[in-house]
Amino acid sequence: MSALRVRFAPSPTGYLHIGGARTALFNFLLSRKEQGTFVLRIEDTDVARSTQESTDAILQAMEWLGLSYDEGPYYQSERFDLYRRKVEELVQSGLAYRCYCSAEELEAKREAALKAGAKPKYDGTCLGRTDHPAGVPFVVRFRAPQDGETTFPDRIKGAITFQNEELDDLIIQRSDGTPTYNFVVVVDDAEMGITLVIRGDDHINNTPRQILLYGALGYPVPEFAHVPMILGADKTRLSKRHGATSVMAYRDLGYLPEALVNYLARLGWSHGDQEIFSMEELIEKFSLENVGRSAGVFNPEKLLWLNAHYIKTGDPQRLAGLLEGHLAALGVATAGGPPLPSVVRTLQERAKTLVEMADGAAFYYREDYPFDAEACAKHLTADRKPVLEALVRRLEAVSDWNHQGIEEAFVAVMEETGLKLGKFGPAVRVALSGGTASPGIYEVLEVLGRSESLRRLGRGIDSIV
RNA sequence: GUCCCUAUCGUCUAGCCCGGCCUAGGACACCGGCCUUUCACGCCGGCGACGGGGGUUCGAAUCCCCCUGGGGACGCCA
């Protein structure tokens, strides 16, 4: 174990989204590579918005992606005593003070400042206040220095400097007594011994005030690595209107976790020209040095391409297991039909998602599938009847029901009738699958088995009027 | 508005730190061709970028400055 300790700290106010997943992934990869410790912490100080369902959803998504952690999950809602003690410590030392301004007053001042073109900043009304009006609710503010500057070396962006006069006295404890984000994140990262904070770069602006807080509380300041945001096609922050943003939604859409992990890793990080990475490879090759500095646009097409790749190269047995659910969603029962792994093999090169694969696999398990009207009119015509009947005879005589035996039967039919495969292949396909797009007909025949194949062929012949 | 971050093909990016090997490489998408019993896969080819302006230098995508564009933050949310 190296000294590296990183963490992922989502707030349970919704599902795990694409951006959060990538932050978690980077933390996970680095901790594994450096043999450090990966801590999971649930930031649920906003009691009103946090839910157990969200926590469960996040945990489930991380598990699906294969992002395991070494410590936690810790819940901030269980650590309020600690935070309260720390707030008290700051108040006692004069580094924090009570503020009796009402939320309404503050809001009005903020709007006025924004309107006047100035940066909204707390005006310090209660800064020198010494009275303690009874019964008036108050918040606790951290006193920020107004001179000098705060600078830190970001592992991804380089040195970042803020003038302290840009900062104001932030609220660290609400009027209901609960602590706020900027405060607890510092206390926890310090108390949990986090040595490197990897998070979205929307947190860069919070960093200087957090650094000041570390100092005030007597904690060592960790290192920071701010990862660029993920944007939608219109270059604005990725959100629901850009399509699915929930990690689990991709599972339901038929994506494989390794495809999403690979995609997310390559969005903002690279290793030369390499595009395909297994989790093991990512752990071996990941490094902060190769993380880009600018925001990236989420590209669903590339994710789809990666998914197709992993479906193509995946283990049929495993894919079959994953496909089961998608088939069930279509109302397709696989019991009694051809073995699913065999079916999967015929579709791996054709399906880009498991949903597509389920669509393509359905006909194998439907005994009474309808014939596509157009395909039927075009291919299941009266003049094809003799060839199909000849084919049935040949197939009945095949001794070994495998690809080779089936192919030999077709060759015999072609010799017997003088017809090319192009002349009657489509008719066979429609009879077997109901439509014009399917895996190769020899494969379908083989997987379906002789009796079912013959039954379907007979059904096709019977449909010819 | 203020502050912070950022800037190579439509998109993800290599190259930039240590200037010349860059007539800028790869991938997705798109277009064309090949393969072919359908749909796909695959293979081959094509289209396509250093935001603009100043410097520094024999030489700049690479170094410096300005402008512009894009993103983010400015909550008793995290």
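Keep in mind that the numbers below use all heavy atoms, side chains included, and drop hydrogens, waters and symmetry copies. Lettering of chains follows the sequences in order, A, B, ..., and the numbering in each one begins at 1.
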Practice task
Under the ring-ring contact (aromatic ring centres under 6.0 Å, His included) rule, what do A:F38 and A:F8 come out as? Steps first, then yes or no, please.
Solution key: CA-CA 8 Å; A:F38 183 28; A:F8 176 53; 7.1 Å; no
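Using a 4.0 Å cut-off between charged side-chain N and carboxylate O, A:E356 and A:K352 make no salt bridge. Under 4.0 Å is where a charged nitrogen must lie from a carboxylate oxygen, and between A:E443 and A:R345 no such pair does. Using a cut-off of 4.0 Å between Lys/Arg side-chain N and Asp/Glu carboxylate O, A:E452 and A:R456 are scored as salt-bridged. A salt bridge does not link A:D201 with A:R293: none of the charged nitrogens is closer than 4.0 Å to a carboxylate oxygen.
Looking at the side chain of A:D202, the nearest of the listed nucleotides B:C76, B:G72, B:C3 is B:G72. Side-chain proximity of A:E166 to the nucleotides B:A78, B:U13, B:U2 is greatest for B:U2. In this structure, of B:U13, B:C12, B:C76, it is B:C76 that holds the atom nearest to the side chain of A:V139. If you check B:G10, B:A40, B:C76 against the side chain of A:L106, the one that comes closest is B:C76. Listed nucleotides B:A7, B:C4, B:C76 differ in distance to A:I160; the shortest reach to its side chain belongs to B:C4. Checked against B:C76, B:A29, B:C12, the side chain of A:W305 finds its nearest nucleotide in B:A29. Minimum atom distance to the side chain of A:I171 is reached by B:C76, of the listed B:C76, B:C28, B:G72. Among B:C76, B:A78, B:G72, the nucleotide with an atom closest to any side-chain atom of A:E43 is B:A78. You'll find that the side chain of A:E301 is closest to B:A29, out of B:A29, B:A7, B:U2. Checking B:C74, B:C4, B:U38 against the side-chain heavy atoms of A:S438 singles out B:U38 as nearest.
Separation of the C1' atoms belonging to B:C35 and B:G45 is 15 Å when rounded to the nearest angstrom. Comparing the C1' positions of B:C39 and B:A78 gives a spacing of 48 Å, expressed to the nearest Å. Comparing the C1' positions of B:U56 and B:A14 gives a spacing of 27 Å, expressed to the nearest Å. Spacing between B:A60 and B:C3 at atom C1', rounded to whole Å, works out to 32 Å. Spacing of P atoms, B:C63 relative to B:G71, comes out at 25 Å, to the nearest Å. Comparing the same atom, C1', in B:U13 and in B:C31 gives a spacing of 22 Å after rounding to whole Å. Of the P atoms belonging to B:C28 and B:C41, the separation is 11 Å, rounded to the nearest Å. Comparing the same atom, P, in B:G70 and in B:U11 gives a spacing of 14 Å after rounding to whole Å.
Donor-acceptor pairing under 3.5 Å is lacking for the side chains of A:Y181 and A:D46.
Not one side-chain nitrogen or oxygen of A:R237 sits closer than 4.0 Å to the OP1 or OP2 atom of B:G72. Here A:K352 reaches the OP1 or OP2 of B:C41: one of its side-chain N or O atoms lies under 4.0 Å away. Side-chain N/O atoms of A:K378 include none lying less than 4.0 angstrom from OP1 or OP2 on B:U38. Considering only side-chain N and O atoms, A:T45 lies under 4.0 angstrom from the phosphate OP1 or OP2 of B:A78. Considering only side-chain N and O atoms, A:R110 lies under 4.0 angstrom from the phosphate OP1 or OP2 of B:C76. Neither OP1 nor OP2 of B:U13 sits under 4.0 Å from any side-chain N or O of A:R266. Remark: A:S175 is not in phosphate contact with B:C76, judged by side-chain N or O atoms under 4.0 Å from OP1 or OP2. Of the side-chain N and O atoms in A:K312, one or more sit less than 4.0 angstrom from OP1 or OP2 of B:G42.
In this structure B:C21 sits in no base pair that meets the Watson-Crick or G-U test at under 3.5 Å. In a base pair of the Watson-Crick type (N1 to N3 plus N6-O4 or O6-N4) or a G-U wobble (N1-O2 and O6-N3), with each distance short of 3.5 Å, B:A61 is matched with no nucleotide. Using the Watson-Crick or G-U wobble rule with both distances under 3.5 Å, B:C74 pairs with B:G1. With a cut-off of 3.5 Å on both pairing distances, the Watson-Crick or G-U wobble partner of B:C28 is B:G10. Across all strands shown, B:G48 forms no Watson-Crick or G-U wobble pair with both distances under 3.5 Å.
Side-chain to base pairing of A:N206 with B:A78: one donor and one acceptor N or O lie within less than 3.5 Å of each other. Interface remark: the A:D201 side chain does not form any donor-acceptor pair with the B:G72 base, using a distance-only criterion of under 3.5 Å. Interface remark: the A:R350 side chain does not form any donor-acceptor pair with the B:C41 base, using a distance-only criterion of under 3.5 Å. Contact annotation: side chain of A:R429 to base of B:U37, donor-acceptor pair present below 3.5 Å. For a distance-only test at 3.5 Å, the side chain of A:E275 qualifies as a donor-acceptor partner of the base of B:G26.
Atom CD in A:E407 sits roughly 11 Å away from atom P in B:U37 (whole-Å rounding). Following rounding to the nearest Å, A:D154 (CG) and B:G72 (C1') show an atom-to-atom distance of 14 Å. Across the protein-nucleic acid pair, A:L213 atom CG and B:A78 atom P stand 14 Å apart, rounded to whole Å. In this structure, A:I230 atom CD1 and B:G70 atom C1' are separated by 17 Å, rounded to whole Å. Distance CZ (A:F277) to C1' (B:C12): 12 Å, rounded to an integer number of Å. In this structure, A:H379 atom NE2 and B:C39 atom P are separated by 10 Å, rounded to whole Å. The distance between atom CD of A:E105 and atom C1' of B:G75, rounded to the nearest whole Å, is 16 Å.
In this structure, B:C41 shows a glycosidic angle within 90 degrees of zero, which is the syn conformation.
Checked by atom type and distance alone, the side chain of A:S50 never pairs as donor or acceptor with a backbone atom of A:V47 at under 3.5 Å. No side-chain donor-acceptor contact under 3.5 Å links A:K312 to the backbone of A:N307.
In this structure the side chain of A:Y255 never reaches within 4.5 angstrom of the side chain of A:L306, judged on heavy atoms.
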